[in-house]
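Structure record follows, encoded as structure tokens.
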Amino acid sequence: MTSKFETPTPSELSQRTDKIPDNLMHRCPICHQVMTHYQSADKTCPNCGYGFRLTARERVEAITDTFEEIDRDVTIPSRFDDSLYLQKIERAKQATKLNESVLTGFASINRQQCGLAIMDSHFIMGSLGSATGEKLTRLFEAAKQKRVPVVLFAASGGARMQEGMNSLMQMAKVSQAVADFQAAGLAYIVVLTDPTMGGVTASFATQGDVILAEPHAMIGFAGRRVIEQTIKQAPPQDFQRAETLLAHGLIDAIVQRVDLKQTLSQLLQWHQVKEA
Ligand SMILES: [Zn+2]
């Protein structure tokens with residue numbers, strides 16, 4: 001007697017799973033609520049307010065009235081000729097339609113003018129490479145010329161390993177550009193989103209005059225496992241979450257995604273430079 005059900009071969013199975021759309025189910029990483037589709041246009045969890053990861057372009061759409069991109073042609077220096085790395089960059093460019101892990105330009109948010117930088121975790125985990133650092137530096141320099149505030153949406157796994165020491169140097173480079181910008185009396189507003197880690201947290205992402213975060217965003221330097229192995233203790237459950245960092249004074253406020261545009265435009269209005 002033959003069985004009605006024949007076990008599929010591994011290759012048949014993988015063909016079947018390839019046909020399942022990636023966006024069929026979403027599980028909130030914080031409260032574990034499962035949803036078959038995002039219940040709000042801004043992709044937040046209806047239960048706990050967690051903001052799912054957005055692309056830089058989705059952020060532009062959600063936050064700005066107008067946006068003009070700059071430095072679209074900046075890409076990694078030619079001294080990085082490792083073919084695996086170059087392939088990775090190419091795939092990231094194709095997938096995100098960005099030239100680097102940060103999108104930069106000038107925007108209007110509820111009619112308030114500003115420089116805007118949005119990191120995209122879909123581009124090699126928003127990692128900080130030479131071209132990322134160069135784009136951010138150029139934005140702060142251009143915004144200083146125009147005398148407008150800068151808003152940065154941080155999302156990053158940290159320094160880009162493939163670039164070794166060069167990626168670490170971007171921390172100092174961008175930090176210095178931020179310091180020059182602030183010394184000119186201009187305001188820098190940061191929104192920390194899930195996740196903001198490593199060298200990005202340790203430099204420009206926490207240099208803001210005002211530091212906001214999205215609910216439950218993971219923000220930290222070293223990852224949980226590295227810390228656990230080093231100190232031989234389990235860190236508390238709420239460790240490296242926006243709420244814990246707010247309670248300990250690292251950030252100024254947690255803002256629900258639905259309120260971000262209004263909050264940012266209010267902060268920008270207060271901090272526009274009024275030329276005499
Ligand atoms: Zn949730």
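Predicted model, so just to flag it, every value in this text is computed and none were measured. Both ligands and their constituent atoms are indexed starting at 1 by order of listing.
Rounding to 10 degrees gives 110° for the angle at the Zn ion (ligand 1) between SG of C28 and SG of C31.
Side-chain contact between R224 and P235 is present, with at least one heavy-atom pair separated by less than 4.5 Å. A heavy-atom distance below 4.5 Å is found between the side chains of L192 and V190.
Taking backbone and side chain together, H32 holds no N, O or S atom under 2.8 Å from the Zn ion (ligand 1). With a cut-off of 2.8 Å, the Zn ion (ligand 1) has an N, O or S atom of C45 in range.
Using cut-offs of 30° and 60° for the angle between ring planes, the F140 and F181 rings count as perpendicular.
Side-chain atoms of Q207 and S175 form a donor-acceptor pair, as typed in the model, at a separation below 3.5 Å.
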